[in-house]
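Indexing begins at 1, ligand by ligand and atom by atom, following the structure's order.
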Amino acid sequence: MTTRTSSGLPTWYRGLTLARVVSGEPGEATGVTQDSRTVQRDGLFVAIPGLQLDGNDFIPDAIARGARFVIVQEDQHERWAPYVNEDVTFVAVPQARVALAEAAAGFYEHPARSMGVIGVTGTDGKTTTTHLIAHVLNATGQRAGHLSSVEFAAGGVAEMNATHLTTVESPEIQRHLDRMRQAGARYAVLEASSIGLDLHRLDQCEFDVGVFTNLTPDHLDYHGNMQAYRDAKMILFRMLGDSAEKGVGKAAVLNADDAASAEMRAATIVPVISYGIRTPGDVTGADIKRDGFGTRFLVRMFGESIAVRTGLLGDYNVANCLAAVGVAVSQGVEFAAAVHALESFPGVPGRMELIDEGQPFRVVVDIASTEQAMRNVLRMLKPLTAGRLIVVFGAAGERDVARRRTIARAVADAADYAVVTNEDPRGEDPQRIIDEIASALKAEGWREGRRFERELDRRQALEMAFNRAGRGDTVLLAGKGTEQSIVIGGVHWPWDERRIARELLQEKFGV
Ligand SMILES: Nc1ncnc2c1ncn2[C@@H]1O[C@H](COP(=O)(O)OP(=O)(O)O)[C@@H](O)[C@H]1O
Ligand SMILES: [Mg+2]
């Protein structure tokens, strides 16, 4: 992967802006990682001084697994000095996280310099907007790969993001960018969390376009206060001015309906494209109407107005669509073509995803696992459901205990029937979590047997809900989305809600 340059120095080392060789000499590495468990023979390990875990403690482990190169942080000298020996190359840098991204980008020979790179940040809507942008670009003949909290896609092939991280570590990002480049992508669309930006995971991504969705108080546990959270998001817009010149359009695509856009605008030197529903922008959405399992609206730009229908629900998804149109137009895609491409968007896997195996009722898979998310989803499904609204749900173990009560209340307020089952009990007794939810439903006046039942086995629970459902009903399978496992005790049991739902429906209704 790494090639020797004329200067004889490996590309990972040449990627570093400031470095001091402490011992040995830089040579070819087989890989770059900050996780000692994934170090390969002759690999490069970067010791990140962390909040909970300190990478310096894992240097011996990394070396034992074959690391031949170690990057350490100058100011942590006392922590790593004891491990320095002449058989291993130690390189000291001012900031290990910055160096991790630099070494990773260098190792893969800077894939982001040969593609247009689009970053999407904001409190909500990052994943949906990332997928929408990639879809619109692909549908209009621009090959785009994407990396989101749901999946990674290159060359039209998607693989699930199993890490549960919105923004993975920089060696993973750079590896994915490299794969996109190999697949012939002209664009890469990256979901950019504020934590990912703050932790330098998105350094070296050479962003050309930044998209801002919205800002609400969230993740304050990490950022401490709103200003710090806003600052983290501004990093993306500042980066737009520093990226390599690649002959692609540069733009900041900002939500005119969110006041924080003014700060994103101030943080960038590139042209702004604004979009809005309540506040007119360069791209404006109007005349929004629910249309079955979908939404119709008008998109206005350049004094032109085009009608479109999407299979997405909710006004906020209209905003996400407008952002995608703004991005496409910034890249020279014709306005009408960008808008029409919205029509064929298949949706985000595991988000309000319809499962249709010919059954006489509607089945929807959604990740909703909090009270608010459950209320939102049920509010959208209610007017679309002529019959009964049936929900399969649970609550995660070792997480917010109050959620068991609040999510049960959301279900009792809006649904007609429920099967209470496992979500991810983790180390907790699964039956106890289910019993707690059952008590909460009873407290809302729901009678067991009449309004709900309990079932420990989630597959069985799905089947019970399907057995209950009749024509005109909607069955919502909540909480798992595209997750690939269910965690019971210490074991990650393979689980794919969409596949299992399909299997059960085929058995029952298939031809
Ligand atoms: N533009 C938006 N503004 C406000 N809320 C949104 C927006 N887009 C999506 N949402 C809400 O946020 C939830 C998560 O959407 P998602 O696209 O996964 O965002 P993220 O990746 O930022 O978490 C959706 O189910 C919806 O309830
Ligand atoms: Mg996301």
Any side-chain donor-acceptor pair under 3.5 Å between [X] and [Y]?
{"X": "D258", "Y": "N214", "value": "no"}
{"X": "S261", "Y": "N255", "value": "no"}
{"X": "S149", "Y": "T127", "value": "yes"}

Counting from 1, what ligand 1 atoms have a heavy atom of [X] closer than 4.0 Å?
{"X": "N214", "value": "3 (N), 4 (C)"}
{"X": "R351", "value": "15 (O), 16 (P), 17 (O), 18 (O)"}
{"X": "E191", "value": "21 (O)"}
{"X": "T128", "value": "16 (P), 17 (O)"}

Quick test of your reading of the model: are [X] and [Y] salt-bridged, counting only N-O distances below 4.0 Å?
{"X": "R458", "Y": "E483", "answer": "no"}
{"X": "K233", "Y": "E263", "answer": "no"}
{"X": "K480", "Y": "D424", "answer": "yes"}
{"X": "E436", "Y": "R403", "answer": "no"}

* Asked: Would one find an N or O of K126, backbone or side chain, under 3.5 Å from an N or O of ligand 1?
  ->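 Yes, since at least one N or O of K126 sits under 3.5 Å from an N or O of ligand 1.
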
* Asked: Short N/O distance, under 3.5 Å, between G125 and ligand 1?
  ->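 Among all N and O atoms of G125, at least one is under 3.5 Å from an N or O of ligand 1.
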
* Rounded to 10°, how many degrees is the angle OG/S149-the Mg ion (ligand 2)-OE2/E191? ->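 That angle is 90°.
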
* Measuring to the Mg ion (ligand 2), does S148 have an N/O/S atom at a distance below 2.8 Å? ->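 S148 does not place any N, O or S atom closer than 2.8 Å to the Mg ion (ligand 2).
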
* Asked: Would you say T127 reaches the Mg ion (ligand 2) with an N/O/S atom under 2.8 Å?
  ->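 Here the distance criterion (N, O or S atom, under 2.8 Å) is met by T127, so yes.
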
Among all protein heavy atoms, pick out the one at the shortest distance from [atom]; state its residue, atom name and that distance to 0.1 Å.
{"atom": "atom 12 (O) of ligand 1", "result": "D124 CB, 3.7 Å"}
{"atom": "atom 25 (O) of ligand 1", "result": "Y316 OH, 4.2 Å"}
{"atom": "atom 1 (N) of ligand 1", "result": "N320 OD1, 2.9 Å"}

* To do: Have a look at N317, T127, T123 and point out the one with the heavy atom closest to atom 21 (O) of ligand 1.
  =>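 Looking at heavy atoms only, T127 sits closest to atom 21 (O) of ligand 1.
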
* To do: Count the heavy atoms of every other residue, nucleotide or ligand shown that sit under 6.0 Å from CZ of R309, and state whether that count exceeds 12.
  =>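 Counting neighbours around CZ of R309, more than 12 heavy atoms of other residues, nucleotides or ligands fall under 6.0 Å, so yes.
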
* Heavy-atom check, side chain of L240 versus side chain of K250, under 4.5 Å ->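 Contact flag for L240/K250 side chains = no.
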
